[in-house]
Participant: 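One structure, pasted below without further comment.
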Amino acid sequence: GKVEETTVLVARTGVEIVPRFKAEAMETAFENFRLLSEVMKQKMKFGHHYGKFPGWQKDQLLEPGASLVMNGFGLYADPIRVDRTEDEEGHFRYNIVVYLRPLGANANVVVAAGVGNASTREIKYAYRWLPEDEVPKEVVVADLKSKQAGSRTLYRVANEDPGDLENTIEKMAMKRAEIDAVNHLPGVSELFPPPEKKG
């Protein structure tokens with residue numbers, strides 16, 4: 001749990017720090033993996049705590065699962081907004097870093113860190129699905145993608161007010177960073193390995 005202190009030491013002195021393998025740390029990682037596997041089988045629900053993403057082979061941790069694992073480790077998420085960028089069309093991106101810190105420990109102790117970002121350029125935020133009578137008059141419906149929602153046909157229309165999504169985008173970036181940080185805890189990446197494309 002000396003991530004920040006190590007970084008400061010290297011920055012101040014230029015001393016090269018050689019990592020040393022510790023058998024106890026390996027045993028801890030395997031024990032964490034075993035315990036997490038048991039919790040996953042007994043308590044975690046597929047589709048809620050973890051699930052599959054389209055195009056990925058392995059199960060991936062979801063936000064409720066990440067919260068459960070954090071609680072199990074006795075950690076809390078400390079998010080830091082790294083930056084917010086906006087382009088000339090009004091679309092913006094949030095980049096967030098999350099530190100995982102032990103409850104009740106010194107505020108400088110960091111157990112793991114993760115990064116996440118979200119943007120209004122993502123398909124689910126850049127567009128809205130509207131019925132034909134709500135599509136702006138200047139838009140040609142025949143040029144739009146459509147889908148059926150029960151008996152109605154919905155059309156995909158560009159979201160002209162990305163600013164309305166400010167809070168949503170920031171929170172999504174934070175969730176992604178939190179899940180990334182939890183995946184860096186010992187044993188977790190064995191249970192939920194980084195995504196890899198099918199084929």
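These numbers come from the heavy atoms of this one structure, side chains and all, not from hydrogens, waters or symmetry mates.
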Participant: Within the structure provided, determine whether Met70 and Val111 are in side-chain contact (heavy-atom separation under 4.5 Å).
Facilitator: no

Participant: Same cluster or not: are Tyr76 and Val182 linked, directly or through other Ile, Leu, Val, Met, Phe, Trp or Tyr residues, by side-chain heavy atoms under 4.5 angstrom apart?
Facilitator: no

Participant: For a quick test of reading the model, state the closest non-hydrogen atom pair linking Ile96 to Ala173 and the distance between them.
Facilitator: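 Scanning both residues, the minimum pair turns out to be CG1-CB, 3.5 Å.
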
Participant: Kindly determine whether Met174 and Tyr94 satisfy side chain to side chain contact (heavy atoms under 4.5 Å, CB included), including the steps that lead there.
Facilitator: CA-CA 9 Å; Met174 203 174 303; Tyr94 272 99; over 6 Å; no

Participant: Side-chain heavy atoms under 4.5 angstrom apart, residues restricted to Ile, Leu, Val, Met, Phe, Trp, Tyr: same cluster for Leu35 and Leu100?
Facilitator: no

Participant: Is there a path from Phe33 to Val39 through hydrophobic residues (I, L, V, M, F, W, Y) whose side chains come within less than 4.5 Å of each other?
Facilitator: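 Per the 4.5 Å side-chain linkage, Phe33 and Val39 are co-clustered.
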
Participant: Measuring only between side-chain heavy atoms, which start at C-beta, is Glu24 closer than 4.5 Å to Glu27?
Facilitator: no

Participant: Can you measure from CZ (Arg93) to CZ (Arg84) and round to the nearest 0.5 angstrom?
Facilitator: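 Reported value, rounded in 0.5 Å steps: 12.5 Å.
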
Participant: Using a 3.5 Å cut-off and no angle test, enumerate the donor-acceptor pairs between side-chain atoms of residues 137-157 and protein atoms at least two apart in sequence or in another chain.
Facilitator:
residue, atom, partner, partner atom, Å
Gln148, OE1, Thr153, OG1, 2.6
Gln148, NE2, Arg152, O, 3.3

Participant: So does Tyr125 get a backbone contact from the side chain of Thr120, meaning a donor-acceptor N/O pair under 3.5 Å?
Facilitator: no

Participant: Of the non-hydrogen atoms in Ala113 and His184, which two are nearest, and what is the gap between them?
Facilitator: O-ND1, 3.4 Å

Participant: For the atom pair CG (Leu103) and CZ (Phe73), what is the distance rounded to the nearest 0.5 Å?
Facilitator: 13.0 Å

Participant: Does CD belonging to Glu166 count more than 12 external heavy atoms closer than 6.0 Å?
Facilitator: yes

Participant: Taking all atoms of both residues into account, what is the closest heavy-atom pair of Ile179 and Glu63, and its distance?
Facilitator: CD1-N, 3.5 Å

Participant: When hydrophobic residues are tied together by side-chain contacts of less than 4.5 Å, even through go-betweens, does Leu165 share a cluster with Trp129?
Facilitator: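 No, Leu165 and Trp129 fall in different hydrophobic clusters.
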
Participant: Stepwise, does the side chain to side chain contact (heavy atoms under 4.5 Å, CB included) test hold for Leu62 with His49?
Facilitator: CA-CA 5 Å; Leu62 302 175; His49 295 105; over 6 Å; no

Participant: Taking side-chain hydrogen bond (donor to acceptor under 3.5 Å, both in side chains) as the cut-off, I'd like each qualifying pair that reaches into residues 171-181, sequence neighbours left out, listed once.
Facilitator: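 Output for this query lists Glu122-Arg176, Asn167-Lys171.
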
Participant: Please report the interatomic distance CD(Gln42) to CE(Met44), rounded to the nearest 0.5 Å.
Facilitator: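 CE of Met44 is found 12.0 Å from CD of Gln42.
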
Participant: Please name the pair of heavy atoms, one in Gly116 and one in Ala177, separated by the smallest distance, quoted to 0.1 Å.
Facilitator: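 Shortest heavy-atom separation between Gly116 and Ala177 comes out as N-CB, 3.4 Å.
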
Participant: Provide the closest heavy-atom pair for Glu170 versus Arg81 in the form atom of the first, atom of the second, distance.
Facilitator: OE2-CD, 3.8 Å

Participant: Can you tell me how far apart CZ (Arg121) and CG (Asn159) are? Round to the nearest 0.5 Å.
Facilitator: 11.5 Å

Participant: Following the transitive rule for hydrophobic clusters with a side-chain heavy-atom cut-off under 4.5 Å over Ile, Leu, Val, Met, Phe, Trp and Tyr, establish whether Leu75 and Leu61 coincide in one cluster.
Facilitator: yes

Participant: Hey, what do you get for CG (Asn117) to CD1 (Ile169), rounding to the nearest 0.5 Å?
Facilitator: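 Rounded to the nearest 0.5 Å, the CG-CD1 separation comes to 10.0 Å.
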
Participant: May I ask you to decide if Pro186's main-chain N or O and Asn32's side chain share a donor-acceptor pair within less than 3.5 Å?
Facilitator: yes

Participant: Quick one: are Asn95 and Val115 in side-chain contact, heavy atoms under 4.5 Å?
Facilitator: no

